[in-house]
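Before any comments, here is the structure.
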Amino acid sequence: MIKITLPDGAVREYPKGSTGTQIAAGISEGLARVAIAIEVNGQTQELYRTVETDASIRIFTWNDTEGKNVFWHSSAHIMAESILEFYPDALLTIGPPIENGFYYDIDFQGKSFTQEDFAKIEKRFLELSKSGETFERKDVTKAHALEVYKDNPYKTELIENLEDGSITFYYSGNFVDLCRGPHVPNSNIIKAMKIMSIAGAYWRGNEKNKMLTRVYGISFPKQKELDEHLQRLEEAKKRDHRKVGKELELFTFSEKVGMGLPLWLPKGARLRETLVEFLKKVQEAYGYQQVVTPHIGNKKLYETSGHWEKYGKDSFQPIETPEEGELFMLKPMNCPHHCEIYASRPRSYRELPLRLAEFGTVYRYEQSGELHGLTRVRGFTQDDAHIFCRPDQVKDEFKKVIDIVLYIFKVLKFEDYVAQISLRDPEKPEKYFGNNEQWVTAENAIIEAAAEKGLKTVTELGEAAFYGPKLDFMVRDAIGRKWQLGTIQVDYQLPNRFELEYTGPDNQPHRPVMIHRAPFGSLERFVAVLIEHTAGDFPLWLTPEQVTVLPLGEKFEEYAHKVAASLRVAGIRAGVDDRGETVGKKIRDAEVAKMPFMLIVGEKEAESGSVSVRRRKEGDIGTMTNDEFIAFIRNEVEKELA
RNA sequence: GCCGAUGUAGCUCAGCUGGCCAGAGCAGCUGAUUUGUAAUCAGCUGGUCGGGGGUUCGAAUCCCUCCAUCGGCUCCA
């Protein structure tokens, strides 16, 4: 007998050589029915494989990420099998599962594979999956593997890099593929499948290599789940910030101005300003000081900072002054400027931490194919700040920045987030700048700060920047998509390069530590995420226009304007819809434009100095005096920001 | 930058396999209507069919090229 430890710590005994299926069945029949794979001592494997020694195990189902990965990986095999039936000469390369489905990169060798092929591949896929294929694992020698794939340079390359003795093939139906596995017990659990799209992808992601055709697909255990998935995609399309931004007249692009350079329309600019004011106020409370620096900087500045060397090719190229021939760059980063502000006079340890904040607009040359709405642009504004502090202050400063980020998330209702702690790759210390002691201090400061703030974290080794470790916030929006927002990074490189110093209590010069942080990241990207998170239905405090006053006919326009003016004096963003349209039409337009409040004013209201309040999506909520309404809406805003 | 798709009025879209003056709805303008909680009525304006080149008696429709957008690849200080 062997001892099997379950995830909850329970230990059960099974006969030596039990299969994963038998172990699952021992836990419950229901689990055995939905089991997809088993993890044995950290290794995921097929359910039909046997367990020979004591082990701790987990059973994976469709509800686990690992289970989905196995499910989709097997689906990729079946899709490849289907495709090969129609394109026998196609060369397979790799076909992994991804976050939403799977893909297979295929060299069609000059033949074209188009959207017209999707339907027949899907049909064949379902026939094959229904036929109940099993995935049989076979160990093969390297020599054999190379022989089988002698006509496929991609697989040959993969095999070359594998260790002899660790190479496995998987046989399913008439299909065989070089594959590490594992796979589902039987293809018949895959009940629904759709090819989503095709796209070009370089072999091994290197643009010097041949471009392959990447076929994206997704599959599910139930047709209903596929339908729901497609519906979610529809919903995402409806929330697309490019579409909503156009509908709500927030921003636009112009070919004449240039691709990737957003133009903020009045309503978008209003929204953006509100966000800026909001964050400025929060930052002031936390002891930040605003600074302003120019949009261009001498190329030497970026040579000093190291950005020219490392990112010069991703910047707009320097502009030369006509007389002196000096080179200036559109600034790709604010930090060098801020370093110079720090260095503008001698600094004492007493004035640290020094927190310099700027809504700094930067310009970066993104490749044309990279541009995407507001999320990937060539000119954008960072909610940047640099904290210059003593090494022993790093942890406290981190905690304060975390507080700011969490407050923003709370106010904007990003309720589902994790913090990613990015540390050094311990195997490659030479990749990083700064001495070991500094790294250990900074990494521990981040880990402790996150722990003390009770953050849900994941730790990634090797994801740190070369100049320091960082903490990034990933949020899930209202429809479950992940976005990376705020970032906090420790930097040892810049203070050195700029030779920044402060005089310590010992009257000796010391080097400060620098923390880069941007809770929004960039305003452009943040607004895009916010649009998609809220579907354009912004919270009252943030929405570009809060109130529209609707006069019942010409006679009451004067009163309507008076009401709107008094609201504006009270700091409420209000306007009047005095078009010669019916009230019904104006209400409809306001509802469509996501106007939170509509004030209908006619004879009754004009006489009594009141307004009839209609709240978006709710309808008529009764009559109030002007002052009552002002108090009411202020209270609503306060509740949101509390 | 690369692969693929798309590009018709301000917006959303129709215009099939090349052939009468290129259409609709919304928006805009003009006029009438002066409205009580999600679309009042009528009329009008508006398009080098992304730009350029070519094939053809004839091109929005076919071909080439450039530009932009979309989906990916790569990268992201």
Side-chain angles (χ1 to χ4, degrees), chain A residues 98 103 105 108 112-115 196-216 237 240 242-243 246-247 249 252-256 258-260 302 305-315 331-336 362 364-373 375-377 380 382 384 465-468 470 484 487 489 491 493-494 516 518 521-522 525 550-557 578-593 595 598-605 612-623:
Chain A
I98 51 177
Y103 67 78
D105 279 350
F108 282 94
S112 69
F113 182 78
T114 67
Q115 301 196 354
M196 300 308 294
S197 63
I198 46 178
Y202 299 106
W203 167 237
R204 304 220 130 171
N206 185 331
E207 57 187 286
K208 296 201 171 61
N209 288 339
K210 181 158 180 188
M211 173 82 59
L212 307 169
T213 304
R214 177 166 296 180
V215 185
Y216 284 90
K237 232 171 152 182
D240 190 313
R242 294 165 297 185
K243 180 173 144 67
K246 189 182 270 181
E247 285 165 358
E249 297 183 354
T252 190
F253 289 90
S254 148
E255 283 184 31
K256 281 203 189 83
M259 62 206 297
Y302 299 100
S305 72
H307 290 115
W308 171 253
E309 187 192 350
K310 198 150 174 64
Y311 299 106
K313 64 174 182 342
D314 300 322
S315 303
K331 78 172 164 187
M333 286 295 284
N334 301 304
C335 21
V362 297
R364 298 177 186 176
Y365 175 75
E366 301 284 355
Q367 294 192 93
S368 58
E370 298 299 320
L371 302 171
H372 180 93
T375 60
R376 292 291 291 210
V377 288
F380 57 95
Q382 296 178 313
D384 214 355
F466 68 94
Y467 51 79
K470 60 181 181 174
Q484 193 208 305
T487 179
Q489 314 184 349
D491 188 345
Q493 154 127 314
L494 281 185
H516 306 251
S522 87
R525 190 182 153 75
L550 311 180
L552 281 166
E554 254 173 78
K555 275 183 283 182
F556 308 107
E557 277 179 21
D578 54 10
R579 294 173 303 164
E581 298 285 351
T582 59
V583 173
K585 167 72 168 162
K586 291 180 192 176
I587 287 172
R588 186 188 142 74
D589 287 348
E591 291 274 347
V592 170
M595 185 70 68
M598 288 147 262
L599 302 181
I600 291 127
V601 296
E603 188 166 4
K604 277 184 295 186
E605 290 78 11
S612 172
V613 184
R614 181 189 165 99
R615 189 167 198 159
R616 185 169 120 80
K617 288 187 186 161
E618 280 178 37
D620 194 347
I621 59 168
T623 302

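Letters A, B, ... mirror the listed sequences (proteins, then strands); counts begin at 1.
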- Item | Donor/acceptor link under 3.5 angstrom from A:E605 side chain onto base of B:rG36 | yes
- Query: In whole angstrom, what separates A:I198's CD1 from B:rG72's C1'?
  - Reply: 10 Å
- Query: With rounding to whole Å, what would you report as the distance between B:rG15 and B:rC57 at their P atoms?
  - Reply: 28 Å
- Message: With a 4.0 Å cutoff (strictly under), does any side-chain N or O of A:R214 reach OP1 or OP2 of B:rC3?
- Response: no
- Query: Would you say A:R616 reaches B:rA38's phosphate, i.e. side-chain N/O to OP1/OP2 under 4.0 Å?
  - Reply: no
- As its Watson-Crick or G-U partner within any shown strand, both distances under 3.5 Å, B:rG47 has none
- Which part of the nucleic acid, if any, lies within contact of A:K246, taking any heavy atom under 4.0 Å across all strands shown: a base, the sugar-phosphate backbone alone, or nothing? sugar-phosphate
- Message: Let's test your reading of the model: under 3.5 Å, does the base of B:rG1 pair with the side chain of A:Y202 as donor and acceptor?
- Response: yes
- Message: Of the options B:rC73, B:rG71, B:rC75, whose atoms approach the side-chain atoms of A:A199 most closely?
- Response: B:rG71
- Of the nucleotides B:rU40, B:rU35, B:rA77, which has the atom closest to the A:L552 side chain? B:rU35
- Message: Take a 6.0 Å sphere around CD of A:E603 and say whether it holds more than 12 heavy atoms from other residues, nucleotides or ligands.
- Response: no
- Give the nucleotide from the list B:rA39, B:rG72, B:rG71 with an atom nearest to the side chain of A:M211. B:rG72
- At under 4.0 Å between heavy atoms, what does A:G580 touch on the DNA or RNA strands: base, sugar-phosphate, or nothing? base
- Note on the structure: Regarding the side chain of A:R588, the nearest nucleotide among B:rU35, B:rG71, B:rA38 is B:rA38
- Query: When you compare B:rG46 with B:rG10, how far apart are their P atoms, in angstrom units rounded to a whole number?
  - Reply: 12 Å
- Query: Roughly how many Å is it from NE2 in A:H372 to P in B:rC70, rounded to a whole number?
  - Reply: 7 Å
- In terms of heavy-atom contacts, A:F556 and A:V601 come closest through CB-O, 3.9 Å
- Item | Whole-Å P distance, B:rG52 and B:rU8 | 16 Å
- Query: Can you tell which of B:rA27, B:rG72, B:rA38 lies closest to the side chain of A:K585?
  - Reply: B:rA27
- Message: Nearest to the side chain of A:A201, heavy atoms from C-beta on, is which of B:rC73, B:rG71, B:rA77?
- Response: B:rC73
- On a whole-Å scale, what distance lies between the C1' atoms belonging to B:rC2 and B:rU12? 32 Å
- Task: Please determine, for B:rU17, whether a Watson-Crick or G-U wobble partner exists with both distances under 3.5 Å, and give it or none.
- Result: none
- Looking only at B:rG71, B:rA27, B:rA38, the nucleotide nearest the A:R242 side chain is B:rG71
- Task: Would you mind pulling out the nucleotide paired to B:rA24, Watson-Crick or G-U wobble, both distances under 3.5 Å?
- Result: B:rU12
- Task: Write down the distance separating the C1' atoms in B:rG31 and B:rG19, rounded off to the nearest Å.
- Result: 40 Å
- Query: Looking at B:rU34, B:rC75, B:rA68, which one has an atom nearest to any side-chain atom of A:E554?
  - Reply: B:rU34
- To the nearest angstrom, the CZ-C1' distance between A:R579 and B:rU35 comes to 13 Å
- Task: Find the distance A:R525:CZ to B:rA77:C1' and express it as a whole number of Å.
- Result: 15 Å
- Query: Which distance, rounded to the nearest 0.5 Å, do you find between the CD1 of A:I198 and the CG of A:L212?
  - Reply: 13.0 Å
- Message: Does A:Y467 reach a base, just sugar-phosphate, or nothing at all? Heavy atoms under 4.0 Å.
- Response: sugar-phosphate
- Taking atom C1' in both B:rC70 and B:rG50, what distance in whole Å separates the two? 15 Å
- If you check the A:K555 side chain, which of B:rA77, B:rU35, B:rG36 turns out closest? B:rU35
- Message: Is the phosphate of B:rG71 approached by A:S197 (side-chain N or O, under 4.0 Å from OP1 or OP2)?
- Response: no
- Query: So which nucleotide does B:rU34 pair with, by the Watson-Crick or G-U wobble rule with both distances under 3.5 Å?
  - Reply: none
- In whole angstrom, give me the gap between the C1' atoms of B:rG72 and B:rC29. 44 Å
- Task: Could you let me know what B:rC2 is paired to, Watson-Crick or G-U wobble, both distances under 3.5 Å, or none if it's on its own?
- Result: B:rG72
- Message: Heavy atoms from C-beta onward define the side chain here; which of B:rA77, B:rG72, B:rG71 lies closest to that of A:Y311?
- Response: B:rA77
